[in-house]
Amino acid sequence: MSEILDRVKLRDSWKSQVGGEFEKKYMQKLRNFLIKEKQNGKIIYPEGKNIFNAMNSTSFADVKVVIIGQDPYHGPGQAHGLCFSVLPGVKIPPSLVNIFKELHSDLNIPVSKHGCLSSWAEQGVLLINSVLTVEKGRAGSHQGKGWERFTDAVISTLNREHSGLVFLLWGAYAQKKGKIIDTKKHLVLQSVHPSPLSAFRGFFGCAHFSKVNNYLRGQNKTVINWELPAAS
């Protein structure tokens, strides 16, 4: 294992699949960009140990469902490396409020009082943003810096090495990302984004959560328990 890859805080099951990306020039440029931003006093979310939290929370072999977000929340204390998720005690963001509303409508699951989706990740739901870092207060500020190429490699590898995955593509950004997915090997479910600006145009009523579990049953896989445990 190279010195560069050895420093990356990423579990071995993922390093063996996409570790080669860290040796490429685009990832070295991205790393240098992040270092310079911090040296210039910029606050970057999530903190370094959580940048790869999505992949560290769900091993490569255990992935069953993939939810693709855009980039991390840019407010203090929000982003912790899982798309749409916030830690217990943090106000639940509007898009996640709508996700919980759809869960309740679809599966009659009580609306959670917290927004931490770690229990989904532990069951094989990869909650990955397309862009894995952001500057405080500046949504989309790290787009076009290289993260998209890295997460394309993640999705491409999942597409190639797995079969029978479910990809949830909410909104145009995620759907563009999903063009590399083989729909003959995997189930792809699409809707508008759960944002308050668009949820009423097709996210509400999409029944994606029950559709995921019906498909997993057909693949002889354990279904996802979407109900979040009480915050500890």
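Quick note: numbers below take in every heavy atom, side chains included, and nothing from hydrogens, waters or symmetry partners.
Taking the six-membered ring where the residue is Trp, the centroids of F22 and F150 are separated by under 6.0 Å. Here the two rings, on F84 and H193, have centers that are under 6.0 Å apart.
Here the side chains of K145 and L34 are not in contact, with every heavy-atom distance at 4.5 Å or above. Using a 4.5 Å heavy-atom threshold, the side chains of R11 and F52 count as separate. Residues F60 and T157 are in side-chain contact: their nearest non-hydrogen atoms beyond the backbone lie under 4.5 Å apart. Between C83 and I67 the shortest side-chain heavy-atom distance falls below 4.5 Å. Between C206 and K211, the closest side-chain pair of non-hydrogen atoms is not below 4.5 Å. Between D71 and Y173 the shortest side-chain heavy-atom distance does not fall below 4.5 Å.
For NZ of K49, the number of neighbouring non-hydrogen atoms (other residues, nucleotides, ligands) closer than 6.0 Å is 12 at most.
At distances below 3.5 Å, not a single donor-acceptor pair connects side-chain atoms of D106 with backbone N or O atoms of E102. No donor-acceptor pair under 3.5 Å is formed between the side chain of S105 and the backbone N or O of K101.
Paired with F167 under the rule side chain to side chain contact (heavy atoms under 4.5 Å, CB included), one option of V66, L126, L189 passes, and it is V66. Looking at Q143, Q70, E148, K177 one by one, the single match for side chain to side chain donor-acceptor pair (under 3.5 Å) with S130 turns out to be K177.
W120 and F100 have perpendicular rings, their planes meeting at more than 60° on a 0 to 90° scale where under 30° would count as parallel.
For the atom pair CD (Q39) and CG (N32), the distance works out to 9.5 Å, reported to the nearest 0.5 Å. Atoms CG and CD1, on L187 and I181 in that order, are 10.0 Å from each other to the nearest 0.5 Å.
Residues S156 and D152 have side chains that never bring a donor and an acceptor to within less than 3.5 angstrom of each other.
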